[in-house]
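Structure first, then comments.
One is the number of the first residue; the rest follow in order along the sequence.
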Amino acid sequence: MRFSKDLVEDIRSRNDIVEFIGTYVNLKRAGSNFGGLCPYHSEKTPSFTVFPATQSFYCFGCGAGGDVITFAMRSENLDYAGAVEFLAKRAGITIKADDEGERGGVSRRRIFDMNLSAAKYFRACLFDERIGKEGMSYLVNDRKLPMSVIKHFGLGFAPNGFGGLTEHLKKLGFTEQELIVGFLCGKSQKTGRAYDYFRNRVIFPIINTSGDVIAFGGRVMDDSKPKYLNSSDTPGFKKSKNLFALNYAKNHCSERLILCEGYMDVIALHSAGFENAVATLGTALTQEQARLMAKHTKQVIISYDSDEAGQAATRKAVRMLSEVGLDVKIIRMEGAKDPDEYIKKFGKESFARVLDSGRTGFEFKLETTLAKYNLASPEDKIKASGEMCEYISDIFSGVEREVYIASVAKRLGLSESGLKNDVEILRKRKLKQQATKNSNDARMSAMGIGDNINRDAAKNIRAKSAEEAVIGLLLMFDEYRELVVKGTVRLKKEDFFSEFHSRVFERIIGLAESGEYDFSLLGQFFTPDEMGRLQGLEQKRRALTENGREVFTQCVKALKSEKSLAQSGDGIDEIMMLLERKRQQNK
């Protein structure tokens with residue numbers, strides 16, 4: 001075991017779950033519990049509940065759940081060991097650095113230490129007049145960055161050699177395997193030699209909000225392709241869950257964030273005094289990044305390039321950011337393709353005015369839609385109307401819909417009543433489709449079809465129900481775990497039909513046998529999604545009035561009966577085989 005029960009209990013007790021989650025989610029008391037909008041999926045009606053009595057949380061909408069450690073794992077993009085360390089640090093508890101968990105044989109801490117050494121190497125290369133002359137010239141002469149900004153962001157330079165960084169890090173004690181896992185070197189398929197991943201590029205260290213160097217971006221200094229290279233995911237980095245320069249912007253963005261496309265745009269804005277700018281990391285905006293921004297700010301101003309790709313990215317970003325409850329505005333930079341170019345041409349005061357005159361998501365949609373069509377043509381006017389009605393039909397607020405309908409009617413010269421009727425038809429159709437989908441999803445879920453956590457669920461529904469009941473009761477009560485450990489109730493992992501529940505049972509009883517059982521310790525062996533499923537099974541049992549010993553023994557008996565039936569050849573798989581054989585004979 002990586003962590004003792006006493007340590008985990010101490011960390012949990014000093015990180016009250018209501019107080020901790022309250023720093024991420026606006027919680028409101030609901031009886032003895034607290035509720036709010038789930039930070040892990042988009043919703044209008046709160047389905048996220050925090051239970052102070054059990055120091056746990058569960059979303060009845062998406063199934064996310066667990067304890068304060070699971071929440072930290074999800075919200076801070078950490079593995080179990082990292083979350084324990086994060087919460088320990090928050091509570092002032094010191095734990096050994098080597099207690100951290102590993103993935104792929106390389107720990108997060110090792111990745112961070114290696115990245116820090118790499119960042120120092122890149123920085124030294126940039127400031128070496130012989131090695132970094134070309135990189136420094138690009139930053140200072142071409143991009144007009146002052147030395148203070150270059151140093152502030154820790155910018156560096158990767159020489160054009162085959163293995164300078166690789167050899168340097170090996171001398172510091174890092175292995176070739178660690179370099180490959182950390183995405184700092186690759187291995188030639190022809191020669192088998194390791195080579196530096198970043199070569200002949202200006203380097204941008206990516207730093208998380210805790211100050212760790214988690215990854216790198218590298219840009220060419222000419223028109224070579226690809227223009228940017230970015231670290232792939234590693235044990236310490238998920239590009240879909242991080243933002244460039246958030247480590248600086250988090251101190252300046254309580255009211256609004258500026259979302260840019262690239263590193264240089266962000267650096268140019270910070271250099272000009274706009275220290276609330278961030279950028280995605282070589283990918284389109286993700287839902288995780290949108291929720292991360294919602295944690296830090298109230299409004300996001302999108303400052304993407306003005307070309308077609310930038311406009312397409314803007315449309316997608318508006319939708320994602322709006323879904324997580326952020327106020328969204330889009331700026332128009334006349335005479336420049338991006339913030340860096342605009343500030344160089346017109347100055348930071350002019351850019352500040354552009355920020356304050358940003359368009360709302362609706363205004364951006366209306367303008368881009370009207371620009372696509374010839375409004376003198378009845379056919380095009382109908383298409384423009386249909387596109388805007390489709391957009392408005394997704395708006396939750398009735399007041400917002402009315403305001404937008406009035407605006408569209410005025411611009412298109414149409415009646416408000418006609419547009420409103422079309423919007424309501426679309427809304428009713430979508431609500432009906434959603435209700436049908438929810439009903440189908442509920443049936444599929446009850447049958448275990450499409451279950452990505454328990455992939456064996458659909459093979460035997462009765463066994464699935466019995467297993468869920470047994471696991472739920474074992475999670476709830478010490479006495480039932482004790483009955484199994486002592487052999488009073490004879491149950492073993494082979495009695496379970498599904499691999500997932502068998503694995504859960506083995507871990508629960510293993511911890512109980514050692515006297516170290518604690519729900520939080522299960523997080524060492526299961527993913528946050530799996531922990532959410534376990535929390536859901538416990539919540540399902542808590543909602544029932546009968547959870548006594550007789551219920552437990554009956555559930556165990558039912559489970560063994562189903563297992564015996566399946567092994568005898570009279571189970572669902574045998575029946576399906578007989579039916580298939582009959583169909584083939586009929587053919």
Residue pairs meeting ring pair (Phe, Tyr, Trp, His ring centres under 6.0 Å), one or both in residues 529-557, sequence neighbours left out, come to Y480-F552
Review point. Distance-only, no hydrogens or angles: does the E43 side chain make a donor-acceptor pair with backbone N or O of C38 under 3.5 Å?
Key: yes
Contacts of R503 meeting side-chain contact (heavy atoms from CB on, under 4.5 Å) (sequence neighbours excluded), chain-then-number -> E499, F500, F526, E530
Residue set satisfying side-chain contact (heavy atoms from CB on, under 4.5 Å) with E9, at least two apart, ordered chain then number -> K5, D6, D518
Q: Answer yes or no: is there a donor N or O on one side and an acceptor on the other, between the side chain of D495 and the main chain of K492, under 3.5 Å?
A: yes
Residue pairs meeting side chain to side chain donor-acceptor pair (under 3.5 Å), one or both in residues 243-253, sequence neighbours left out, come to none
- Query: Is the shortest heavy-atom distance from the side chain of R507 to the side chain of Q524 under 4.5 Å?
  - Reply: no
With sequence neighbours left out, the residues meeting ring pair (Phe, Tyr, Trp, His ring centres under 6.0 Å) with F51 are none
side-chain hydrogen bond (donor to acceptor under 3.5 Å, both in side chains) filter on E19, not counting sequence neighbours, yields R90
N547 meets the side-chain contact (heavy atoms from CB on, under 4.5 Å) criterion, sequence neighbours left out, with L473, M476, F477, R541, L544
Quick one: does any side-chain atom of E467 pair with a main-chain N or O of F497 as donor and acceptor, under 3.5 Å?
yes
Sorted by chain and number, sequence neighbours left out, side-chain hydrogen bond (donor to acceptor under 3.5 Å, both in side chains) with H296 holds for none
By side-chain hydrogen bond (donor to acceptor under 3.5 Å, both in side chains), Y24 pairs with (sequence neighbours left out) E76
Next on the checklist: Is the shortest side-chain heavy-atom distance between I207 and D212 below 4.5 Å?
Outcome noted: no
Sorted by chain and residue number, the side-chain contact (heavy atoms from CB on, under 4.5 Å) partners of T545 (sequence neighbours excluded) come out as none
Q) Which of parallel (below 30°), tilted (30 to 60°) and perpendicular (above 60°) describes F505 and F496? A) tilted
Salt bridge (charged side-chain N to carboxylate O under 4.0 Å, His left out) pairs touching residues 48-64, sequence neighbours excluded, are none
side-chain hydrogen bond (donor to acceptor under 3.5 Å, both in side chains) filter on K298, not counting sequence neighbours, yields E255
(Q) For a 4.5 angstrom cut-off between non-hydrogen side-chain atoms, does F57 reach V50? (A) yes
Paired with V25, the side chain to side chain contact (heavy atoms under 4.5 Å, CB included) test is passed by just one of S75, P39, P46, namely P39
